[in-house]
Amino acid sequence: MSREFEITREFEVDATPDEVWEAVTHGTGAYLWPMDPPEPRVGGAAAFGSTVTAWDPPHHLTIRSEDVGFSVQSVNQLEHVIEARDGGRRAWVRYVHSGVFTDDWDNQYDGAAKHTDFYLHTLREYLTHFAPRPVTFASLDGPEASTGADAFAAAGRALGLTDGDARGAELTVHGPQDFEAVLDYRNPYFIGLRTDSALIRLFGRNHWGAPVGISVHDFAADADAKATEAAWRNWLDKVYSQFP
C-alpha cells in the first residue's frame, strides 16, 4: 500500500551558505553522485526528470518528481533550507526528503533514513575538508555474495578494522593497497574513510537485500575514475571470493 514519508535533518557546518548552495546544486559528485545541475528557476528541469519548485539562492531549493522511475516509489521531493550563522562564516541547513513509497514501506524508509544520515555527513566532510576542489567520482557494487547477512562485517574486517576502532581513529587501511586514513564514520551499515585527497564510502546495502557498495570521491588532480573502480572491484571480488 502506498504511504507518504518524510525524513528531516538539521545541521550546522563550517561553510558559507554560498558554499553549501554550490555543493547541493553543482557539486553533488563530491558527496553523493554526479547529477546535472538544476535549471536556475522555478519550473526548471532538474536531475532524473524532476522539476525545480523553489529557487532562492543561496537559501531555498526544492526539487520534486512525480515520475520517479522505479516501482517502489511514486513521488520524490528534496528540500534544502540554508541560513547564515556566525556572520555568514557558517551555515545552518534543514534538509527534508519526502514523497511516497509504494511497496515494502518499512524497509524502504529504513534504508532511506540511514542513507540520508551518511550522505549528509559526507556533505559536511566535503565542505569542511575539500571544498571547492573538483571531484573525480567512482562507484561500484560487490558481487552477489556480498548480499549475505554478514557481508558488510566481512568488508570491515578485510579493511583491517577492529571492533575497537571508532569514529576519528587514524588507521592503516588494507584496501587495494595499504593507505592511511581517518575513520570518519562507522556503524553496522556504513563505513567512511577520509584520506588527504579522497572520501571513500562503503555501503552495507546487504541489510536491505542489495550488494555491498563502494563510492570514491577523489579530489586529487591526477585521479582516474576507471582505475579506481577497477582496483576496488578487484578488492571486493577477493573479499567475497570465498564468502560466506
Side-chain angles (χ1 to χ4, degrees), residues 6-38 40 46-48 50 52 54-65 76-86 88-99 111-139 167-168 181-187 189-205 213-220 223 225 228:
E6 182 174 289
I7 300 165
T8 301
R9 301 289 187 266
E10 296 180 3
F11 61 89
E12 290 193 14
V13 62
D14 287 326
T16 67
D18 284 327
E19 289 170 333
V20 178
W21 183 268
E22 179 67 17
V24 302
T25 55
H26 289 80
T28 56
Y31 69 97
L32 194 61
W33 55 79
M35 290 185 281
D36 292 335
F48 304 112
S50 57
V52 177
W55 181 268
D56 180 21
H59 300 297
H60 190 198
L61 172 68
T62 305
I63 295 173
R64 181 178 177 88
S65 174
N76 194 66
Q77 179 170 290
L78 302 176
E79 181 180 34
H80 296 82
V81 177
I82 306 165
E83 296 180 0
R85 293 288 190 270
D86 296 338
R89 293 183 298 273
R90 289 171 54 81
W92 170 87
V93 181
R94 185 174 191 265
Y95 171 89
V96 183
H97 181 195
S98 59
K114 288 184 169 64
H115 277 75
T116 293
D117 291 332
F118 192 37
Y119 286 134
L120 293 179
H121 170 81
T122 303
L123 170 61
R124 295 193 294 275
E125 289 289 292
Y126 162 66
L127 289 167
T128 301
H129 297 282
F130 297 107
R133 292 161 63 177
V135 66
T136 298
F137 177 79
S139 179
R167 186 182 298 189
V182 174
L183 182 64
D184 68 85
Y185 197 95
R186 189 185 191 186
N187 64 25
Y189 308 94
F190 306 101
I191 293 169
L193 299 165
R194 187 183 74 244
T195 72
D196 290 339
S197 61
L199 294 169
I200 301 164
R201 317 280 95 177
L202 285 87
F203 299 84
R205 295 189 175 119
I214 295 177
S215 68
V216 180
H217 311 266
D218 197 334
F219 304 96
T228 297

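Given the structure is predicted, the values throughout are model-derived calculations rather than measurements.
For CG of Asp36, the number of neighbouring non-hydrogen atoms (other residues, nucleotides, ligands) closer than 6.0 Å is 12 at most. Within a 6.0 Å sphere centred on CG of Asp196, heavy atoms belonging to other residues, nucleotides or ligands number 12 at most.
Looking at heavy atoms from C-beta onward, Arg201 lies out of side-chain contact with Phe190 at the 4.5 angstrom threshold. Arg89 places a side-chain heavy atom less than 4.5 Å from the side chain of Asp86. The shortest side-chain heavy-atom distance between Asp218 and Val135 does not fall under the 4.5 Å cut-off. Thr62 has its side chain out of reach of Trp55: every pair of non-hydrogen atoms, C-beta onward, lies at least 4.5 Å apart. Side-chain contact between Glu125 and Arg194: present, with at least one pair of heavy atoms (C-beta onward) separated by less than 4.5 Å. Proximity of Leu61 to Val24: side-chain heavy atoms (C-beta onward) are separated by under 4.5 Å at one or more points. With a 4.5 Å cut-off on side-chain heavy atoms, Ile63 and His80 do not count as touching.
The shortest heavy-atom contact between Tyr95 and Leu78 is OH-CD2, 3.3 Å. Shown here for Pro38 and Val52, the closest heavy-atom pair between the two residues is CB-CG2, 3.6 Å. Taking both residues in full, the closest heavy atoms of Thr228 and Ala138 are given as CG2-CB, 4.0 Å, listed atom of the first, atom of the second, then distance. Scanning all heavy atoms of the two residues, the minimum distance from Ala198 to Phe219 falls at CA-CD1, 4.1 Å. For the residue pair Ala91 and Thr16, the shortest heavy atom distance occurs at CB-C, 4.1 Å.
Tyr126 and Tyr31 have their aromatic ring centers separated by at least 6.0 angstrom.
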Can Arg9 and Asp117 be said to form a side chain to side chain contact (heavy atoms under 4.5 Å, CB included), step by step? CA-CA 8 Å; Arg9 301 289 187 266; Asp117 291 332; 2.5 Å; yes

Side chain to side chain contact (heavy atoms under 4.5 Å, CB included) for Val13 and Val20? Distances and angles first, verdict last. CA-CA 9 Å; Val13 62; Val20 178; 3.9 Å; yes

Show, in sequence, the C-alpha distance, side-chain angles and deciding distance for Thr28 and Trp33, and conclude whether the side chain to side chain contact (heavy atoms under 4.5 Å, CB included) test is met. CA-CA 6 Å; Thr28 56; Trp33 55 79; 5.7 Å; no

Output, in order, the C-alpha distance, side-chain angles, deciding distance and verdict of side chain to side chain contact (heavy atoms under 4.5 Å, CB included) for Ile191 and Leu183. CA-CA 8 Å; Ile191 293 169; Leu183 182 64; 3.9 Å; yes

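Separating the OG1 atom in Thr195 from the CD1 atom in Ile200 is a distance of 5.5 Å, to the nearest 0.5 Å. Between atom CG of residue Asn187 and atom CZ of residue Phe118 there is a gap of 8.0 Å, rounded to the nearest 0.5 Å. Here the straight-line distance linking atom CG of Leu202 with atom CZ of Arg186 works out to 11.0 Å at 0.5 Å rounding. We find the OG1-CD distance between Thr128 and Glu19 to be 9.5 Å, quoted to the nearest 0.5 Å. Atoms OG and CE, on Ser50 and Met35 in that order, are 8.5 Å from each other to the nearest 0.5 Å. With values rounded to the nearest 0.5 angstrom, Arg85 atom CZ is found 5.5 Å from Glu12 atom CD.
Ring geometry, Tyr119 versus Phe203: the interplanar angle falls from 30° to 60°, so the pair is classed tilted. The aromatic rings of His121 and Tyr185 are tilted relative to each other, their planes meeting at an angle between 30° and 60°. The aromatic rings of Phe137 and His217 sit tilted relative to each other, their planes meeting at an angle between 30° and 60°.
With 3.5 Å as the limit, one finds a donor-acceptor pair spanning the side chains of Arg205 and His115. Side-chain N/O atoms of His60 and Glu79 include a donor and acceptor closer than 3.5 Å.
The existence of a salt bridge linking Asp184 and Arg124 is excluded, since no basic side-chain nitrogen approaches an acidic carboxylate oxygen closer than 4.0 Å.
Checking side-chain atoms of His59 against main-chain N and O of Ile82 turns up a donor-acceptor pair under 3.5 Å.
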